[in-house]
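Okay, structure first, notes after.
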Amino acid sequence: MKENKPYIKITKDGPYLLYGADRISEKIIITDVNGISVKYGDGQTFEIKSDPVALCRCGKSKNAPFCDGSHATGFDGTETASFTPIMRQASAEAIRGPNQTLLDNEQYCAFARFCDRGGRVWNLVMRGDAPADKLSAEEANLCPAGRLMMFTNDGELLEDKTTPTVHTIEDSGLKISGPLWIRGGIRVESADGRSYEVRQKQTLCRCGASGNKPFCNGAHASIKYKAAKN
């Protein structure tokens, strides 16, 4: 049965197949004078003319974000991420403050650095005053990977609901390219046909170096990945 919204199928040692989308838009991490990430800006839009469309995940395409067959030279795309919901994994940590609880799973870090503003989200949640609670919730919400999730201590998730969209991330502060950012509950299906947890926001590796494939773990920052475009 055809799905009524975009979804992504991972191919073995090959690209992502994106179904049901007509465009990919670029989101740019904007930093302040101190290099702290503060917001997203809009970049170019990539129109999609086929369904599905193949998106690069090896990091070598000269036509990013699209696949140009470069993975055929020897890309190992073995998936190593868990199928357990990421906040129930053993690596997830709960930090409970006076009013809010931060759930953190650092294996899914996209190195976007919104969490560093105002003294860092892990410290802000422990302060318990209204300005700190507001800023810490905002920082968790800006985390593209969903590594950080902020709840009230009554259990309400403080996260924006969005329509399904697909983005590439460019980092203006570090002058590098980031992961593929999927929002709005887009399903990701593994090469063997199993579905990963469907979430409001996730980031998929497109540099080829993540140790938590198919998800981003920030490796693009350490290798200084820069997507090549036509």
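Keep in mind that the numbers below use all heavy atoms, side chains included, and drop hydrogens, waters and symmetry copies.
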Task: Shared hydrophobic cluster, Phe83 / Ile8 (ILVMFWY, side-chain heavy atoms < 4.5 Å) - done: yes
TODO: Show the numbers, then the answer: is there a salt bridge (charged side-chain N to carboxylate O under 4.0 Å, His left out) between Glu138 and Arg117?
DONE: CA-CA 10 Å; Glu138 179 184 321; Arg117 192 158 37 115; 2.8 Å; yes
Open item on the list: side-chain contact (heavy atoms from CB on, under 4.5 Å) for Thr31 and Val38? Distances and angles first, verdict last.
Closed with: CA-CA 5 Å; Thr31 60; Val38 293; 5.9 Å; no
TODO: Check whether any side-chain heavy atom of Val166 sits under 4.5 Å from a side-chain heavy atom of Arg23, and report yes or no.
DONE: no
- [ ] Look at the side chain of Thr162 and the backbone N and O of Gly184, then say whether any donor-acceptor pair between them is shorter than 3.5 Å.
- [x] yes
Task: Cys205 vs Phe215 side-chain heavy atoms within contact, under 4.5 Å - done: no
TODO: To the nearest 0.5 angstrom, please state how far the CG atom of Leu55 sits from the CG atom of Leu204.
DONE: 9.5 Å
Task: Ser37 versus Ile29, closest heavy-atom pair with distance - done: OG-CG2, 3.3 Å
- [ ] Kindly give the heavy-atom pair with the smallest separation between Ile28 and Gly43, and that separation in Å.
- [x] CD1-CA, 3.8 Å
TODO: State whether the side chain of Asp32 and the backbone N or O of Gly35 hold a donor-acceptor pair below 3.5 Å, judged by distance alone.
DONE: yes
Task: Tyr7 side chain reached by Leu18 side chain, heavy atoms, under 4.5 Å - done: no
Task: Common cluster, Tyr19/Ile186, ILVMFWY with side-chain heavy-atom separation under 4.5 Å - done: no
Open item on the list: Please report the interatomic distance CD1(Ile10) to CD(Glu79), rounded to the nearest 0.5 Å.
Closed with: 4.0 Å
Open item on the list: On a heavy-atom basis, which atom in Phe111 and which in Leu174 lie closest, and how many Å separate them?
Closed with: CE2-CD1, 3.7 Å
Task: His71 side-chain N/O to Lys60 backbone N/O, donor-acceptor pair under 3.5 Å - done: no
Task: Geometric class of the Trp181/His167 ring pair [parallel <30°, tilted 30-60°, perpendicular >60°] - done: tilted
Open item on the list: Under a 3.5 Å cutoff, is there a donor and acceptor pairing between the side chains of Ser61 and Asn63?
Closed with: no
- [ ] Work out which heavy atom in Met87 is nearest to a heavy atom in Gly146; give both atom names and the distance.
- [x] CE-O, 3.6 Å
- [ ] May I ask you to say whether Glu159 pairs ionically with Lys161, meaning some side-chain N is under 4.0 Å from a carboxylate O?
- [x] no
Task: Single-linkage hydrophobic cluster Leu135~Leu158, side-chain heavy atoms < 4.5 angstrom - done: no
TODO: Look at the side chain of Asn153 and the backbone N and O of Gly97, then say whether any donor-acceptor pair between them is shorter than 3.5 Å.
DONE: yes
Task: Beyond-backbone contact of Glu93 with Asn105, side-chain heavy atoms, under 4.5 angstrom - done: no
Task: N-O pairing of Asp171 and Arg113 below 4.0 Å - done: yes
Task: side-chain contact (heavy atoms from CB on, under 4.5 Å) evaluation trace for His220 with Ile176 - done: CA-CA 8 Å; His220 59 276; Ile176 59 174; 3.8 Å; yes
TODO: May I ask you to decide if Ala92's main-chain N or O and Glu106's side chain share a donor-acceptor pair within less than 3.5 Å?
DONE: no
- [ ] Drop me the distance from Tyr16's OH to Cys67's SG, to the nearest 0.5 angstrom.
- [x] 12.0 Å
- [ ] Kindly give the heavy-atom pair with the smallest separation between Arg206 and Ser177, and that separation in Å.
- [x] NH2-CB, 3.8 Å
TODO: May I ask you to test the Met150-Ser136 pair for a side-chain heavy-atom distance under 4.5 Å?
DONE: yes
Open item on the list: Under the criterion side-chain contact (heavy atoms from CB on, under 4.5 Å), I'd like the reasoning laid out for Phe151 against Leu102: C-alpha separation, chi angles, the key distance, then a yes or no.
Closed with: CA-CA 6 Å; Phe151 294 81; Leu102 177 67; over 6 Å; no
Open item on the list: Is it true that Asn99 and Asp133 share a donor-acceptor pair across their side chains at a distance under 3.5 Å?
Closed with: yes
Open item on the list: For the SG atom of Cys207 and the CZ atom of Arg57, what is their distance to the nearest 0.5 Å?
Closed with: 11.5 Å
Open item on the list: Please determine whether salt bridge (charged side-chain N to carboxylate O under 4.0 Å, His left out) holds for the pair Lys226 and Glu170, giving the CA-CA distance in whole Å, both sets of side-chain angles, and the decisive distance to 0.1 Å.
Closed with: CA-CA 9 Å; Lys226 190 65 179 175; Glu170 295 292 328; 3.2 Å; yes
TODO: Determine yes or no for a side-chain-to-main-chain donor-acceptor pair under 3.5 angstrom, with Asp42 supplying the side chain and Glu26 the backbone.
DONE: no
Open item on the list: Can you confirm whether Ile86 sits close enough to Arg199 that some side-chain heavy atom of one is under 4.5 Å from a side-chain heavy atom of the other?
Closed with: yes
Open item on the list: Under 3.5 Å, is there a donor on one side chain and an acceptor on the other for Gln107 and Ser91?
Closed with: yes
TODO: Give a yes or no answer on whether the side chain of Thr80 reaches the backbone of Gly211 with a donor-acceptor pair at less than 3.5 Å.
DONE: yes
Open item on the list: Any heavy-atom pair between the side chains of Cys58 and Cys56 that's under 4.5 Å?
Closed with: yes
- [ ] Evaluate the criterion side-chain contact (heavy atoms from CB on, under 4.5 Å) for residue pair Val53 and Leu17; output intermediate values, then yes/no.
- [x] CA-CA 6 Å; Val53 65; Leu17 297 181; over 6 Å; no
Open item on the list: On a heavy-atom basis, which atom in Gly208 and which in Lys213 lie closest, and how many Å separate them?
Closed with: O-NZ, 3.2 Å
- [ ] Verify whether one side chain among Ser210 and Asn212 offers a donor that lies under 3.5 Å from an acceptor in the other.
- [x] no
Open item on the list: Would you say Ile182 ends up clustered with Phe114 if hydrophobic residues are merged whenever their side chains have heavy atoms under 4.5 Å apart, either directly or through other cluster members?
Closed with: no
Open item on the list: I need the Trp122 CH2 to Asp104 CG distance, nearest 0.5 Å.
Closed with: 6.0 Å
Task: ILVMFWY network linking Val188 to Leu180, side-chain heavy atoms under 4.5 angstrom - done: yes
TODO: Measure the OH-SG distance between Tyr108 and Cys143 for me, rounded to the nearest 0.5 Å.
DONE: 12.5 Å
Task: Under 3.5 Å: donor-acceptor pair, side chain of Ser190, backbone of Arg194 - done: yes
Open item on the list: Looking only at the side chains, is there a donor atom on one of Asn141 and Asp160 sitting less than 3.5 Å from an acceptor on the other?
Closed with: yes
Open item on the list: With heavy-atom distances below 4.5 Å as the criterion, would you say the side chains of Tyr196 and Pro214 are in contact?
Closed with: yes
Open item on the list: Run Arg187 and Glu189 through salt bridge (charged side-chain N to carboxylate O under 4.0 Å, His left out) and show every step you take.
Closed with: CA-CA 6 Å; Arg187 185 174 71 87; Glu189 182 180 307; 3.0 Å; yes
